[in-house]
Number of protein chains: 2
Amino acid sequence: MMEYYQNQDKLLVAVDSIIFGFDEGQHELKLLILKRRFEPAKGGWSLMGGFVNKNESVDDAAKRIVFQLTGLQDVYMEQLFTFGDVTRDPGGRIVSVAYYSLIKINDYDRELVKEHGASWIPVSELPDLIFDHSVMVEKAIRKLRIRARTQPIGFELLPEKFTIPQLQGLYEAIYQVPFDKRNFRRKILSMGLLEKLDEKEKESSRKGAFYYRFNKRKYKELLKRGFNFEL
Amino acid sequence: MMEYYQNQDKLLVAVDSIIFGFDEGQHELKLLILKRRFEPAKGGWSLMGGFVNKNESVDDAAKRIVFQLTGLQDVYMEQLFTFGDVTRDPGGRIVSVAYYSLIKINDYDRELVKEHGASWIPVSELPDLIFDHSVMVEKAIRKLRIRARTQPIGFELLPEKFTIPQLQGLYEAIYQVPFDKRNFRRKILSMGLLEKLDEKEKESSRKGAFYYRFNKRKYKELLKRGFNFEL
DNA sequence: CCAAAAGTGTTCATCGTACACCCATGT
DNA sequence: ACATGGGTGTACGATGAACACTTTTGG
């Protein structure tokens, strides 16, 4: 590639990843954070991060970081914000592009997570994080809430087949408030985006709850016609 | 500053600025763009941009860019998105953080704008822009619309005193749809954020329209009590 | 037969939307 | 007196919120 733009400062560009997971059993939204193994701030709780390489897009770097920690590819991931204060990292001048991603909490590679010294922590019990990472997390939660109301991204945190009560539990975990189950069911079904299956989930109740499946095709169709999802 | 993090790639980091202005007379939202004076893509229509210096925050760089072109400080400005594809700029590997800002279209420094070869173009008549700048602009318009409905940022594009019809014209320019004036007036006044003044604006009609002023103090108070603005 | 979660309808208040006429004034 | 934009009220339908009982079935 030709190089124009001489004599300009070059900076370290990093990616930090806010990885949300949902724990069906415990009705909680969790975050994957790790103990830092190097200076500065060695031993502090931190988000998973890494530097963007010269021949790699920032998006790809973010995917790589999540893959390194969880072994997962094709995860829902969205750019959050870029943090560019001069002194945000005492180890050097680093511009950090933060991403958040959603993973099904039972899918990840436990070995990789253990190797990196990472743990799942409920978002309501997070310790202080290094540098500006706590700010990143707060911002991510706010954005996640808006997105979950506005687009059906919450579904990414559940298995392909899920029950209405599970879905409701997920939304309650994201918003930290209880919903009325009649209203919730009516609203979500009235959009016509869920297919009822014949099968029942029988773990969590005697009666059993019917499984549903999200109809992605139909969702895309409706989008084209100006539909907008709103919980 | 100690330098940890050796042997990592450093990249050029740029800021690109999407500068919106509102033309009261013409009921149009305009964008400030310029003809590029250097390679690559010399002569193409471009956003105002520049590189982030080592000892300058990314936010400060964005403010600097807007100041260089318009002579304005303390402008409403918000980070839009970071564009990080490897080949987005054929002149080199550049990560660009895009910002958008709103200015009162009669405030800017005409000399500076002329020096830079910049022009105000209605958003509905934009030419093709270089690189990924058109994508940036589309994204900015989408975000501006959401923000304007959700936060009273539109007010930044009007003088301190404005009339209800002016405000409505602004929103119509942002959304490119007409609103019912009775409903608009009712809704905006029902929030209790506008103070009616005794003075009338007499340019645009025989009868004259009362001036109003946005009450920032009251807005912040309401925000604390969980109020949320929604047009 | 009982505990535990799934599932189901109705009422009411609120809000958004559609809609048409009078007012004030400068020329 | 008339043209121009400013200003006002009401009726109707849609939507969101509150609320309690029946069903199923494993133990």
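Just so we're on the same page: letters track the sequence lines, and every chain starts at 1. Hydrogens, waters and symmetry mates are skipped; everything else that's a heavy atom, side chains included, is used.
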Trainee: Test: ring-ring contact (aromatic ring centres under 6.0 Å, His included). Region: residues 14-35 of chain B. Which pairs qualify, not counting sequence neighbours?
Mentor: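 Pairs touching residues 14-35 of chain B that pass the test: none.
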
Trainee: Any idea how B:Phe155 and B:Phe162 line up, ring-wise: parallel (<30°), tilted (30 to 60°), or perpendicular (>60°)?
Mentor: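 Correct class here is perpendicular.
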
Trainee: Can you tell me how far C1' of C:dA5 sits from CD1 of A:Ile164, to the nearest Å?
Mentor: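 Taking CD1 of A:Ile164 and C1' of C:dA5, I get 14 Å after rounding.
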
Trainee: Quick one: does NZ or CZ of A:Arg110 land under 6.0 Å from the six-membered ring centre of A:Tyr108, within 45 degrees of the ring axis?
Mentor: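 Satisfied, under 6.0 Å and within 45°.
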
Trainee: Any residue in residues 174-184 of chain A with a heavy atom nearer than 4.0 angstrom to DNA chain C? Just list them by number, or reply none.
Mentor: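 Only A:Lys181, A:Arg182 qualify.
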
Trainee: Grab the CG-P distance between A:Leu167 and C:dA6 for me, whole Å please.
Mentor: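 Rounded to whole Å, this separation is 13 Å.
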
Trainee: Start at the 5' end of DNA chain C and walk down; is the nucleotide closest to A:Leu189 or to B:Lys187 reached first?
Mentor: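 First, find each residue's nearest nucleotide; the 5'-ward one identifies A:Leu189.
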
Trainee: Rounded to whole angstroms, how far apart are CD on B:Glu203 and P on D:dG6?
Mentor: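 Rounding to the nearest Å, CD of B:Glu203 and P of D:dG6 are 13 Å apart.
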
Trainee: Rounding to a whole Å, what distance do you find between A:Phe162:CZ and C:dA6:C1'?
Mentor: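 Taking atom C1' of C:dA6 as the reference, CZ of A:Phe162 is at 16 Å.
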
Trainee: Could you tell me how far apart A:Tyr212 (OH) and C:dA6 (P) are, to the nearest whole angstrom?
Mentor: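 The distance from OH of A:Tyr212 to P of C:dA6 comes to 12 Å, rounded to the nearest Å.
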
Trainee: Just how far, in rounded Å, is C1' of C:dC19 from CZ of B:Arg185?
Mentor: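 It works out to 17 Å between those atoms.
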
Trainee: Do the side chains of A:Pro165 and A:Arg185 get nearer than 4.5 Å, heavy atoms only?
Mentor: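 A side-chain contact exists here, since the closest heavy-atom pair is under 4.5 Å.
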
Trainee: Contact between A:Leu29 and A:Ile141 at the side-chain level, heavy atoms closer than 4.5 Å - yes or no?
Mentor: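 Sidechains of A:Ile141 and A:Leu29: no contact.
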
Trainee: At under 4.0 Å between heavy atoms, which parts of nucleotides 22-27 of chain C does protein reach? Answer with one letter per nucleotide, 5' to 3': B base, S sugar-phosphate only, - none.
Mentor: -BBBB-

Trainee: Counting only side-chain nitrogens and oxygens, does B:Arg186 get under 4.0 Å of the OP1 or OP2 atom of D:dT8?
Mentor: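 For D:dT8, neither OP1 nor OP2 has a side-chain N or O of B:Arg186 closer than 4.0 Å.
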
Trainee: For A:Ser204, which of A:Lys207, A:Lys202, A:Glu201, A:Arg206 qualifies under side chain to side chain donor-acceptor pair (under 3.5 Å)?
Mentor: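 Among A:Lys207, A:Lys202, A:Glu201, A:Arg206, the one meeting side chain to side chain donor-acceptor pair (under 3.5 Å) with A:Ser204 is A:Glu201.
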
Trainee: Look at all strands and tell whether A:Thr163 reaches a base, only sugar-phosphate, or nothing, counting heavy atoms closer than 4.0 Å.
Mentor: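 Answer is nothing: A:Thr163 stays at 4.0 Å or more from every strand.
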
Trainee: Are B:Phe81 and B:Phe83 close enough that their ring centers fall under 6.0 Å?
Mentor: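 Between B:Phe81 and B:Phe83, the centre distance is under 6.0 Å.
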
Trainee: Kindly assign one of parallel, tilted or perpendicular to the pair A:Phe179 and A:Tyr175, based on the angle between their ring planes and the thresholds 30° and 60°.
Mentor: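 Correct class here is perpendicular.
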
Trainee: Apply the salt bridge (charged side-chain N to carboxylate O under 4.0 Å, His left out) test between A:Glu195 and each candidate in A:Lys218, A:Arg213, A:Lys161, A:Arg217; give the one that qualifies.
Mentor: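 Among A:Lys218, A:Arg213, A:Lys161, A:Arg217, the one meeting salt bridge (charged side-chain N to carboxylate O under 4.0 Å, His left out) with A:Glu195 is A:Arg213.
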
Trainee: Can you check the A:Arg149 CZ to D:dT15 C1' distance for me, whole Å?
Mentor: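 So the CZ-C1' distance, A:Arg149 to D:dT15, works out to 16 Å.
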
Trainee: Between atom CZ in A:Phe210 and atom P in D:dT25, what is the gap in whole Å?
Mentor: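 These atoms are roughly 9 Å apart.
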
